[in-house]
Asker: 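Structure below; questions to follow.
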Amino acid sequence: ADLGWACGYTVDVCGNVVDCAAEGLECGANEACVGGIDGPTVCTASADTSCQLCGAVPECDGGAQLTRLTGRVISPGRDDANTANQVGVPNAIVYILKTDQIADLPAIPSGIPSGGLSCDRCEDQDLGPLLAGAITDASGNFSIEGNVPVGVEFLLVVKAGKFRRVEAIELPAEAACQTTALPTTLPGNPARLPRDLSDGLAVNIPKIAISTGRIDAMECVFSKMGLATGEFGNFGSAASVHLYRGGLTGSPEGARIDGDTPDDGTLYGSLARMQSYDMLVSDCEGGAWDGEAAFAQRDENGSKVREYVNRGGRLFASHLSMSWL
């Protein structure tokens with residue numbers, strides 16, 4: 001309470017992990033715990049007061065505990081056997097929808113609205129009509145307690161930023177007022193991030209542009225995380241991740257999809273194109289851009305990049321791409 005958190009997990013000034021529920025700080029019925037990244041967690045309630053699944057929530061008054069569902073949100077890795085890249089995802093939101101209707105989940109917009117802002121603060125997210133939820137800890141673990149239905153199918157939603165995946169699960173009637181531990185490894189873990197847009201229900205993957213370079217290859221990190229090869233493509237394709245060739249000006253040497261992969265100047269030179277993405281990732285292009293001509297090019301495009309990030313776009317600048325900063 002002294003730290004200002006209403007629910008979930010936090011770390012005190014001594015570096016100890018604190019479970020707020022152990023101190024009586026947890027969300028009530030029809031609320032979910034959100035926030036915790038750039039400020040304390042808060043309990044947020046859905047404006048929708050209807051509850052299709054509430055009749056399946058067990059009454060545990062006087063029992064040893066409420067019905068509890070535990071699990072772990074992980075990156076999927078390239079395949080189920082790729083355990084080295086199946087890592088826990090912190091600060092992901094895991095929740096149970098009030099209804100069994102996928103259509104009740106809100107759409108997740110891509111990019112930055114032309115002339116507008118993209119401000120998706122954790123506590124202001126539209127999650128749809130939620131029944132109960134939790135935020136993952138530093139290792140990706142979560143525990144949802146209380147309004148957990150049994151004996152009927154429900155939708156378990158995992159959302160980390162603009163990544164979202166939903167899976168329909170059903171707990172047996174005997175799970176009432178007990179703890180059910182979902183599988184935390186693959187195969188079998190329903191609380192994992194998606195590999196592609198067909199991997200689960202209501203899947204969303206953010207739109208990402210990567211300018212490749214001669215030195216590092218951040219595009220490979222997304223592949224190792226588990227994004228399928230089919231999710232990488234050129235501008236104009238349906239792929240979630242678009243590559244742009246970076247490197248020496250006029251002679252790009254970064255990775256490419258094929259001979260049609262465009263130069264990264266077509267990305268950084270167009271605010272409209274950058275606005276179509278949720279995030280830009282800039283590999284190290286192999287030079288510090290310390291020449292007069294190079295600085296002139298960066299200065300010309302820098303105002304566009306600056307406007308993109310100031311209006312809510314994300315930029316990951318690797319190594320010598322610090323020139324953008």
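Values below: all heavy atoms of this structure, side chains included; hydrogens, waters and symmetry mates excluded. Sequential numbering from 1 along the given sequence is applied to the chain's residues.
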Asker: Who are the side-chain hydrogen bond (donor to acceptor under 3.5 Å, both in side chains) partners of E167, not counting sequence neighbours?
Answerer: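 Counting only residues at least two positions away or on another chain, E167 forms a side-chain hydrogen bond (donor to acceptor under 3.5 Å, both in side chains) with R165.
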Asker: With rounding to the nearest 0.5 Å, note down the distance linking CG in L156 to CD1 in I169.
Answerer: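 The CD1 atom of I169 is 5.0 Å from CG of L156, to the nearest 0.5 Å.
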Asker: Would the distance check show the side chain of E170 and the main-chain N or O of F154 forming a donor-acceptor pair, the cut-off being under 3.5 Å?
Answerer: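 No.
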Asker: Side chain of T67, backbone of Q178: donor and acceptor closer than 3.5 Å?
Answerer: no
Asker: Treat each ILVMFWY residue as a node, draw an edge where side-chain heavy atoms are under 4.5 Å apart, and state whether V94 and V87 are in one component.
Answerer: no
Asker: Strictly distance-based, threshold 3.5 Å: is any side-chain N or O of E231 a donor or acceptor partner for the main-chain N or O of S240?
Answerer: yes
Asker: Verify whether one side chain among N85 and N82 offers a donor that lies under 3.5 Å from an acceptor in the other.
Answerer: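 Distance-only check passes for N85 and N82.
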Asker: Could R245 and D283 be called an ion pair, given the rule that one side-chain N must be under 4.0 Å from one carboxylate O?
Answerer: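 No, R245 and D283 are not salt-bridged.
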Asker: State whether the side chain of D278 and the backbone N or O of K207 hold a donor-acceptor pair below 3.5 Å, judged by distance alone.
Answerer: yes
Asker: Measure from the side-chain N and O atoms of N204 to the backbone N and O of K162, and report whether any donor-acceptor pair falls under 3.5 Å.
Answerer: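 It does hold such a pair.
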Asker: Any side-chain heavy atom of E219 within less than 4.5 Å of one from V281?
Answerer: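 No, side chains not in contact.
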Asker: Report, as yes or no, whether the 6.0 Å neighbourhood of atom CD on E59 holds more than 12 heavy atoms from other residues, nucleotides or ligands.
Answerer: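 No, not enclosed.
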Asker: Going by the rule side chain to side chain contact (heavy atoms under 4.5 Å, CB included), which residues pair with A6 if we only count those two or more places apart in sequence or in a different chain?
Answerer: C43
Asker: Roughly how far, to the nearest 0.5 Å, is the CZ atom of R311 from the CG atom of L271?
Answerer: 5.5 Å
Asker: What about L227 and V221, same hydrophobic cluster or not, with Ile/Leu/Val/Met/Phe/Trp/Tyr joined at side-chain heavy-atom distances under 4.5 Å?
Answerer: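 In one cluster with L227: V221, yes.
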Asker: Using modelled atom types and a 3.5 Å cut-off, is there a donor and acceptor pairing between side-chain atoms of T261 and backbone atoms of I257?
Answerer: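 Confirmed, T261 side chain pairs with I257 backbone.
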Asker: Determine whether a donor-acceptor pair (N or O, by modelled atom type, separation under 3.5 Å) exists between the side chain of R273 and the backbone of Y268.
Answerer: no
Asker: For L267, does its backbone N or O pair with a side-chain atom of D264 as donor and acceptor, under 3.5 Å?
Answerer: no
Asker: Starting at CG of L193, measure out to CD1 of I205 and round the result to the nearest 0.5 Å.
Answerer: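 These two atoms lie 9.0 Å from each other.
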Asker: Tell me whether K224 at atom NZ has more than 12 heavy atoms from other residues, nucleotides or ligands lying less than 6.0 Å away.
Answerer: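 Open.
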Asker: Can you say whether the rings of Y277 and Y244 are parallel (under 30°), tilted (30 to 60°) or perpendicular (over 60°)?
Answerer: perpendicular
Asker: Any donor-acceptor pair under 3.5 Å linking the side chain of S282 with the backbone of A317?
Answerer: no
Asker: Test of understanding: with disulfide bond (SG atoms under 2.5 Å apart), list the residues that count as partners of C60, not counting sequence neighbours.
Answerer: C177
Asker: Check the side chains of R78 and S223 for a donor-acceptor pair under 3.5 angstrom, ignoring hydrogens and angles.
Answerer: yes
Asker: Determine whether a donor-acceptor pair (N or O, by modelled atom type, separation under 3.5 Å) exists between the side chain of N189 and the backbone of R72.
Answerer: yes
Asker: Looking just at side-chain N and O atoms, do R192 and Q86 make a donor-acceptor pair shorter than 3.5 Å?
Answerer: no
Asker: Answer yes or no: is there a side-chain heavy-atom contact under 4.5 Å between V305 and L315?
Answerer: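 Yes, side chains in contact.
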Asker: Report all side-chain donor-acceptor pairs from residues 127-138 shorter than 3.5 Å, counting only partners two or more places apart or in another chain.
Answerer:
residue : atom : partner : partner atom : Å
T136    : OG1  : V89     : O            : 2.7
T136    : OG1  : N91     : N            : 2.9
T136    : OG1  : A92     : N            : 2.8
D137    : OD1  : S139    : N            : 2.9
D137    : OD1  : G140    : N            : 3.1
D137    : OD1  : N141    : N            : 2.9

Asker: Apply ring pair (Phe, Tyr, Trp, His ring centres under 6.0 Å) to F142 and list each qualifying residue two or more places apart in sequence or on a separate chain.
Answerer: none
Asker: Sequence neighbours excluded, which residues qualify as side-chain hydrogen bond (donor to acceptor under 3.5 Å, both in side chains) partners of S318?
Answerer: D216
